[in-house]
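Input: a single structure, listed below in structure tokens.
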Number of protein chains: 2
Amino acid sequence: METGAVQLDRRQRRRQETIEEVLDVAAELMREQGVAGLSIGEVARRMGIRPPSLYVYFDSKNALYDALFERGANLIADAMQTFGEQLDDTLPLEDSLLVSANAFIKWAVEHPEYTQLLFWRPVPGFSPSERAYAPAIRLVELSQQRLALLQRRGLLRDDIALEDIQRDWTVITSGIVSQQLANEPGQPFESGTFTSAIPRVVAMFARQYASTQPTRRARHADKR
Amino acid sequence: METGAVQLDRRQRRRQETIEEVLDVAAELMREQGVAGLSIGEVARRMGIRPPSLYVYFDSKNALYDALFERGANLIADAMQTFGEQLDDTLPLEDSLLVSANAFIKWAVEHPEYTQLLFWRPVPGFSPSERAYAPAIRLVELSQQRLALLQRRGLLRDDIALEDIQRDWTVITSGIVSQQLANEPGQPFESGTFTSAIPRVVAMFARQYASTQPTRRARHADKR
DNA sequence: GTCTATATGACGATAGAC
DNA sequence: GTCTATCGTCATATAGAC
């Protein structure tokens, strides 16, 4: 019994390691060839095995895309969560928005293989499963919570629905990402034409949605 | 001689008609299956011919993508040029920007097959040729000319480089398009979650880049 | 349980007959 | 200009060795 359980653990661990290696190689391939350029045969070739062996770990190519989608969503959600926890909660509005935008866009531009899979629709016939989509929802909620906090601190206007503010924030950040990746692929975050526009665009957003109310210290919420 | 020339004309016209039919069917396929779902075999099947016959008109699948890129860029550039010529040149800044944004985004959302090919990078290994790219440059210049006109009319700030203003304008419009197409594909322009944000986002842009100088002649609005 | 060997059918592409 | 025949590669499926 004991031995059986240990062997099962070992086997499962070994299996999980192989799965991670497949995902590593697949992500590398998507980075080199573009998301739609992923090929089961090439993954197997680089791993030194035969293509059919991959079907032990993934039922289909779309199942592999699904696992990559889930992994990418978890990676960026984790990155943004860690970033949020380290964030100085006393920063003024524009500074706070600027560091958030920089963190998200930098990750997105430096991981184009996941960004394209997560935020564009490059693979015909592939839709993420509910399971794979869950961490993507977590990412949206994280962004919402950060904006809600700014609203509670009295820095963001509260006469406009948080939902609308978040939508505009998403439009701006994803607009920079998509322009940068489509027009200057491979260009580093620090020197991109569109990533360089982040401060200007964030200033525009901050100016529009900054609270016009004088900020009282430790303000909770009071409508005019 | 005369007969030869006439026959050549007729042959060339016939050839051009076939090419247009191939492009029509290919665009239809990209709309149904996604840009990367285009298949030479399926195009031939729908045209009632054999796949190798298509190679008379296009050297490769990427040559077909190239012709589709050129066609799409010409379609949207023509649409925006016609729109610009009909535009009322006395409109105030925000109105002028709003109708421009609506025209561009409406076209983009209603032609996702061309938009994806033109503004994303969904096809591994495909880059548009110089010839195919030329009308895309014309589109950028059109947008630049419209913003320059607004600047000359004294409506847009002239203390910021036109280039930077245009970059931010591109980020905003393409951000709406990419979010709308990626998150709600198939949703009509009129009822999209992100297309509905156009007035708010354009207002944000107009507020940031409106000239602070009082306009001398035929002034429409005055600040605070 | 995990792999190899092998097969199927679709794809893009080419050569050559008519 | 269109066809048939054919090639190599792809995703995918199954049979069976260890």
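Keep in mind the model is a prediction, meaning the values are calculated, not measured. Scope of the values below: all heavy atoms of this structure, side chains included, with no hydrogens, waters or symmetry mates. In what follows, chains carry the letters A, B, and so on, assigned in the order in which the sequence lines appear, proteins first and then strands, with residues in each chain numbered from 1.
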Considering just the side-chain nitrogens and oxygens of [X], establish if one lies under 4.0 Å of OP1 or OP2 belonging to [N].
X: A/Arg15; N: C/dG1; value: no
X: B/Ser53; N: D/dG1; value: no
X: B/Arg50; N: C/dT14; value: no

If you check the [X] side chain, which of [options] turns out closest?
X: B/Pro52; options: C/dG12, D/dC3, D/dT2; result: D/dC3
X: A/Ser60; options: D/dC3, C/dT4, D/dT12; result: D/dT12
X: A/Ile49; options: C/dA13, D/dT12, C/dT4; result: C/dT4
X: A/Ser39; options: D/dC10, C/dA5, C/dC3; result: D/dC10

Taking atom [atom2] of [N] as reference, at what distance in whole Å does atom [atom1] of [X] sit?
X: B/Phe58; N: C/dA13; atom1: CZ; atom2: C1'; value: 16 Å
X: A/Met47; N: C/dT2; atom1: CE; atom2: P; value: 13 Å
X: B/Tyr57; N: D/dC3; atom1: OH; atom2: P; value: 10 Å
X: A/Asp59; N: D/dT12; atom1: CG; atom2: P; value: 10 Å
X: A/Arg14; N: C/dT2; atom1: CZ; atom2: P; value: 10 Å
X: A/Tyr55; N: D/dC10; atom1: OH; atom2: C1'; value: 9 Å
X: A/Ile40; N: D/dC10; atom1: CD1; atom2: C1'; value: 10 Å
X: B/Phe126; N: C/dG12; atom1: CZ; atom2: P; value: 15 Å

Practice task
Identify whether any heavy atom of A/Leu38 sits under 4.0 Å from a base atom; if not, whether one sits that close to sugar-phosphate; answer base, sugar-phosphate or nothing.
Solution key: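 Here A/Leu38 touches the backbone only, sparing every base.
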Salt bridge or not for [X] and [Y], using N-O below 4.0 Å?
X: A/Glu28; Y: A/Arg31; value: no
X: B/Glu20; Y: B/Arg71; value: yes
X: B/Arg46; Y: B/Glu32; value: yes

Practice task
Establish, from distance only, whether the side-chain atoms of A/Ser39 and A/Arg45 form a donor-acceptor pair under 3.5 Å.
Solution key: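 A/Arg45 and A/Ser39 do not have a side-chain donor-acceptor pair below 3.5 Å.
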Exercise for the section: On the 0 to 90° scale, with breaks at 30° and 60°, tag the A/His111-A/Trp107 ring pair as parallel, tilted or perpendicular. Expected result: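 Parallel.
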